[in-house]
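By convention in this document, chain letters (A, B, ...) are assigned in the order of the sequence lines, proteins followed by strands, and residues within each chain are numbered from 1.
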Protein chains: 2
Amino acid sequence: MSDTDELLSIRAAELYYEENQTQDEIGVILRLTRWKVGRLLASAKANGFIRIEIVHPRARRLPIERRLRESTGLTDAIVVSSAGVSSEAELQSRTAQAAADYLTSLRPIPRTLGISWGRTLHDVSLHLKEGWAPGVNVVQINGGVSLNQRTGTAASTAVTIAHKADGSATLLPSPAIFERLETKQAMEADRTVAGVLALGRNAQAYLFSAGQADANSALVDSGYLTVEQIDDLVARGAVGDVVGRYIDANGRIVDPELNERTVGIQIDQLRRAPLTIAVISGNKKHAIARAVVRNGLCTVLVTDEDTANALLQEKDTP
Amino acid sequence: MSDTDELLSIRAAELYYEENQTQDEIGVILRLTRWKVGRLLASAKANGFIRIEIVHPRARRLPIERRLRESTGLTDAIVVSSAGVSSEAELQSRTAQAAADYLTSLRPIPRTLGISWGRTLHDVSLHLKEGWAPGVNVVQINGGVSLNQRTGTAASTAVTIAHKADGSATLLPSPAIFERLETKQAMEADRTVAGVLALGRNAQAYLFSAGQADANSALVDSGYLTVEQIDDLVARGAVGDVVGRYIDANGRIVDPELNERTVGIQIDQLRRAPLTIAVISGNKKHAIARAVVRNGLCTVLVTDEDTANALLQEKDTP
DNA sequence: GCCAAAGTTGCTCAGATGAGCGATAATATC
DNA sequence: GATATTATCGCTCATCTGAGCAACTTTGGC
């Protein structure tokens with residue numbers, strides 16, 4: 001397009017989008033036929049001069065969702081817009097809201113829903129509306145936060161989700177990680193615990209988040225791991241944890257011994273499940289999100305625009 | 001509007017603006033009539049959820065221009081968009097470009113154009129296209145930069161503007177401010193200088209910028225004023241200078257004695273002129289822009305979106 | 001300078017859309 | 001609970017707009 005045409009397309013766009021003039025009227029003003037005006041407007045759009053943003057906490061980015069589905073093979077992708085967000089917390093809240101929306105609209109409604117715990121899932125539980133589903137049994141799929149933390153964040157998440165769906169919550173009464181393998185095995189042998197774990201393995205759907213591998217991990221906060229242990233895991237390639245288990249960029253368990261001492265569903269069980277919803281948002285979680293998506297650990301990803309774009313860019317530059 | 005309708009309007013907007021679906025198709029997807037979809041889209045717009053930006057260096061903000069004209073009584077207002085600008089310099093360059101565009105499209109073409117000097121006007125001169133007008137006599141209306149500066153910025157601006165219009169430049173061979181009133185009067189008595197000043201007074205149009213009152217002023221850089229003098233002027237209410245003369249928020253000369261020693265057109269002559277184009281851009285110039293516009297020192301203002309909004313907000317909250 | 005190829009223009013026509021208007025539903029008022 | 005009032009809905013119709021096409025203009029190649 002010629003230089004003067006580019007300028008004209010901008011003038012036309014101003015009159016069209018800001019002044020709500022018709023292409024006819026613009027034609028009169030700029031001394032052009034209305035067809036020329038139409039073409040100029042089309043070229044302004046094609047050149048990317050017209051940026052249309054939907055500014056709303058519930059706004060999603062459908063084109064990014066589609067590209068994500070196509071390039072990763074995800075069953076579904078929910079990408080919340082970051083237009084107009086001023087803080088990371090706001091973005092994560094939007095993502096949690098979107099996850100709650102997705103859960104609510106899920107058909108068929110899963111009778112048993114396996115969930116992990118964490119800040120993100122807690123946020124999701126708060127965003128769910130009373131009566132979001134008619135009776136869902138919520139099962140914890142990995143060991144809970146220790147008691148030196150604000151008691152029962154994990155339990156409260158599960159209970160809230162279940163309660164709001166007029167369902168029941170089945171809690172996993174176990175720490176996340178045991179110091180000794182023998183203790184962990186003894187615990188798993190307990191009939192109650194074994195029952196919960198079996199229920200978790202047979203859930204129809206899973207909802208979980210993931211944590212980045214750094215000192216801010218909930219597993220560090222809860223006292224299960226030390227900062228030094230995290231550093232060691234990172235040195236061995238860990239990018240983050242899923243249901244309490246640290247994985248590398250290829251989705252492999254970083255420390256098999258540690259993994260053995262971790263209570264809950266195995267990564268492979270997640271990989272085989274037909275419906276696994278991962279909720280991952282935030283700038284620091286791009287790496288773990290990538291690991292989760294690339295290695296088939298989820299079939300549905302709920303995330304934010306920036307994380308989604310990061311995933312797409314990697315795909316484009318292999 | 002109800003809460004669910006608001007959400008629906010966002011879903012509709014996503015499909016309409018991001019996926020280019022027709023209102024009919026959206027109706028099928030969301031189980032609504034196409035009229036309902038149309039209404040939802042209209043309400044999304046009305047609620048400000050749809051933000052349309054024209055991202056282009058030459059983009060203007062016509063609605064703001066109109067509001068400025070209406071609320072200030074300016075003959076014309078040119079407001080450049082700040083969408084997508086990353087630096088103050090870029091915004092100022094856009095404003096200069098817009099001023100050049102305005103000058104080029106000006107009808108009738110002024111035979112004599114009085115100009116001041118400064119970074120902004122120099123920028124305007126560079127953005128003008130060769131042959132922007134068929135013969136314009138450009139006259140300097142205030143004293144030039146001193147010679148210890150990069151020689152001839154002021155002269156070069158005038159010459160460039162004139163040259164590109166196949167016209168002639170009449171320079172004012174005088175310092176901006178004299179130390180002694182007597183010297184200034186003697187200078188003005190000189191036939192050549194007097195002739196230039198007379199020519200300047202009779203120009204058909206004026207183009208000038210304005211400087212904020214702080215240590216970065218061109219008058220300080222050029223050695224005419226010290227930082228202390230500026231501080232003093234500020235203490236006495238100065239918000240900036242127009243054609244070398246410091247004014248307060250009410251458009252009054254702050255220091256009459258200093259004003260007397262300043263060579264060039266008087267503020268009042270500017271106020272009486274039928275066509276005076278002020279080019280003012282940048283966050284620090286909001287106050288001086290306000291003083292210029294509120295006190296009728298210009299009939300046309302070329303500025304940036306942020307400055308324009310600042311002017312409008314003051315109007316709304318008197 | 002001539003011709004082919006590519007690009008641009010004005011136009012027809014069908015599809016998309018907003019304004020306006022009765023009909024219907026929801027809400028408030030007594 | 002009946003009625004008045006308001007809001008919402010589905011629709012018609014006129015207008016707006018984009019796709020497609022033939023005519024025309026420009027450009028590049030020889």
(request) Quickly work out the B/D5 CG to D/dC9 C1' distance and round it to whole Å. (result) 12 Å
(request) Go through the side-chain N and O atoms of A/D101 and A/Q97 and say whether any donor and acceptor fall under 3.5 Å apart. (result) yes
(request) To the nearest Å, give me how far apart CG (A/N20) and C1' (C/dT17) are. (result) 14 Å
(request) Nearest whole angstrom, please: distance from the P of C/dT9 to the CZ of A/R31. (result) 17 Å
(request) Find out whether A/R107 and A/I109 are in side-chain contact, i.e. whether some heavy atom of one side chain is under 4.5 Å from a heavy atom of the other. (result) yes
What are the atom names and distances for every N/O pair under 3.5 Å that joins the protein to nucleotides 16-21 of chain D?
unit_1	atom_1	unit_2	atom_2	d
D/dT17	OP1	A/Y16	OH	2.9
D/dT17	OP2	A/Q23	N	2.8
D/dG18	OP2	A/Q23	NE2	2.7

(request) For the pair A/K164 and A/E130, find out whether any cationic side-chain nitrogen is under 4.0 Å from an anionic carboxylate oxygen. (result) no
(request) May I ask you to check whether A/T95 and A/D304 show a side-chain donor-acceptor distance below 3.5 Å? (result) no
(message) Quick one: does any side-chain atom of A/Q23 pair with a main-chain N or O of A/V37 as donor and acceptor, under 3.5 Å?
(response) no
(request) Please state how far atom CG in A/L32 lies from atom C1' in C/dT9, giving the value in whole angstrom units. (result) 12 Å
(request) Would you sort out whether B/E6 and A/R58 count as a salt bridge (charged side-chain N to carboxylate O under 4.0 Å, His left out), showing the intermediate values? (result) CA-CA 10 Å; B/E6 181 171 318; A/R58 307 287 272 270; over 6 Å; no
(request) Using atom NZ of B/K36 as one end and atom C1' of C/dA19 as the other, report the distance to the nearest whole Å. (result) 18 Å
(message) Measure CD1/B/I26 against C1'/C/dA16 and give the value in whole Å, please.
(response) 12 Å
